[in-house]
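Here is the structure we will look at, set down as structure tokens.
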Amino acid sequence: VTATSSDLVIWKRPIAWLSVSLLSVALVLAAIALRSPRLELPITRFVEPSAERIHILARAVAISPDGRYLAYSANNELYLRRFDLPHAEAIPGTENATAPFFSPDGQWIGFFTGSEIKKVALTGGAPFTVCAVTNGLDGAWTENDTIVFGIVGPTDLFQVSAQGGIPEALTTRDDPTSDHDFPEFLPGGDVMLFSVARDGLNFDEGRIVAQSLSTGERRVVIDGGFYPRWLASGHLVYARGGGLFVVPFDPGTLEVQGDPVEIVSGVLQSADGAHYSTSREGSLVYVSGGATSPFPEVSAVSIARDGAET
């Protein structure tokens, strides 16, 4: 992804709305079975006063693997909210933080500054510097305690130990003008999904590919879409045109098993990515605003297996 001066924006609103919606995964599966063109989601809204300035250079929100916590970047720092509590709290020591992401056990939050990758424990304490990196964009924390991440600009994906170290290239681009970003790992940790922008910029018309880390074999999974996220229900979520789509996906054959269905529209999307995050059990949070929106608002959607509110 190539950043321009117009990309380097902190959106300002008097108050940003954090909208929560709950939906059973069974309803999503029914929509797919019925080939519903769109699934309408009920939205319950509440005010998040701390999110007065949302930094959208990189993804602003992340949900923990168990769906209990929401982390987001606002006012040049990170905030953490438990969904069963009324307010978010600023995380000390996270100045200039963007693009938060959780460890697999949900006990740590990784994030980027303009020059480093850091991590901070949910239990408190000072953040730990993982490595130096300029303009990091999006990260995934693997089960073997490795952080895989992209960088602004046409680049490969990189990896570094979450305990600290020097980043190393993980992927190799077929075309030096293309860009690899937005990694996601399937269960077991050998297969990585990621996005390829063939022109180095337009991920919306790019590809989602799967690559085996043990063999190096690579396969196109989706042609036209980006920012893949795997759900334990056996589905793949991805973004395109300001919407989120879900499609059945076989992790064994690395093939989709049907037609995609749009489950959410109006999701903030830019050259820097799609601003959403999923939990292991199917909850989803996103920043609303669509593919082109000068004044986004922060929203969240939760897709719970049992449909129960928390």
Side-chain angles (χ1 to χ4, degrees), residues 21 23 25 28-29 31-32 39 41 58-67 69-72 99-104 106 109-110 137-143 147-150 157 180-189 191-197 203-204 206-211 220-251 254-258 260-265 267-270 272-288 299-305:
S21 176
L23 175 70
V25 167
V28 176
L29 301 182
I32 294 173
L39 188 62
L41 301 178
R59 177 177 45 78
V61 293
I63 192 170
S64 62
D66 61 8
Y69 292 92
L70 171 69
Y72 61 90
F101 56 96
F102 280 87
S103 61
I109 301 174
L137 187 63
D138 197 80
W141 198 320
T142 72
E143 296 173 2
I147 294 174
V148 177
F149 62 95
L157 287 170
H180 291 179
D181 272 311
F182 317 124
E184 170 78 344
F185 284 82
L186 297 183
V191 176
M192 176 178 66
L193 300 170
F194 62 96
S195 302
V196 177
F203 281 97
D204 212 41
R207 290 174 171 172
I208 296 171
V209 302
Q211 178 172 322
V220 176
V221 175
I222 299 287
D223 194 350
F226 74 116
Y227 216 101
R229 289 297 177 262
W230 161 255
L231 297 181
S233 59
H235 293 82
L236 189 65
V237 180
Y238 66 95
R240 187 176 189 183
L244 295 182
F245 295 80
V246 63
V247 63
F249 179 71
D250 187 333
L254 302 180
E255 295 178 344
V256 297
Q257 301 294 312
V261 172
E262 185 178 19
I263 57 170
V264 180
S265 61
V267 176
L268 181 63
Q269 178 183 317
S270 67
D272 302 309
H275 293 254
Y276 81 99
S277 173
T278 60
S279 72
R280 189 166 44 228
E281 43 69 50
S283 296
L284 182 150
V285 295
Y286 70 93
V287 179
S288 63
S299 303
V301 167
S302 175
I303 304 174
R305 286 183 177 276

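The shown structure was predicted, so the numbers you read here are calculated from the model rather than taken from an experiment.
- Aromatic ring centres of F249 and H235: separated by at least 6.0 Å.
- Closest approach of G241 and Q269 over heavy atoms only: N-OE1, 3.4 Å.
- For the pair A239 and L244, the tightest heavy-atom approach, listed with the atom from each and the gap, is CB-CD2, 3.9 Å.
- Every residue meeting the side chain to side chain donor-acceptor pair (under 3.5 Å) condition with S64, not counting sequence neighbours, appears here in chain and number order: D66.
- A salt bridge between D138 and R229 is present, with a side-chain N of the basic residue lying under 4.0 Å from a carboxylate O of the acidic one.
- Between F203 and F182, the ring centre distance stays below 6.0 Å.
- The backbone N or O of W230 sits less than 3.5 Å from a side-chain atom of E184, completing a donor-acceptor pair.
- When all heavy atoms of A62 and P100 are compared, the closest pair comes out as CB-O, 3.2 Å.
- Under the 6.0 Å cut-off for aromatic ring centres, Y238 and F245 qualify, their centroids lying closer than that.
- With a 4.5 Å cut-off on side-chain heavy atoms, F194 and L157 count as touching.
- A donor-acceptor pair is defined here as one N or O able to donate and one able to accept, closer than 3.5 Å; no such pair exists between the side chain of Y227 and the backbone of D181.
- In this structure, F185 and L193 have side chains that are not in contact, with every pair of non-hydrogen atoms separated by 4.5 Å or more.
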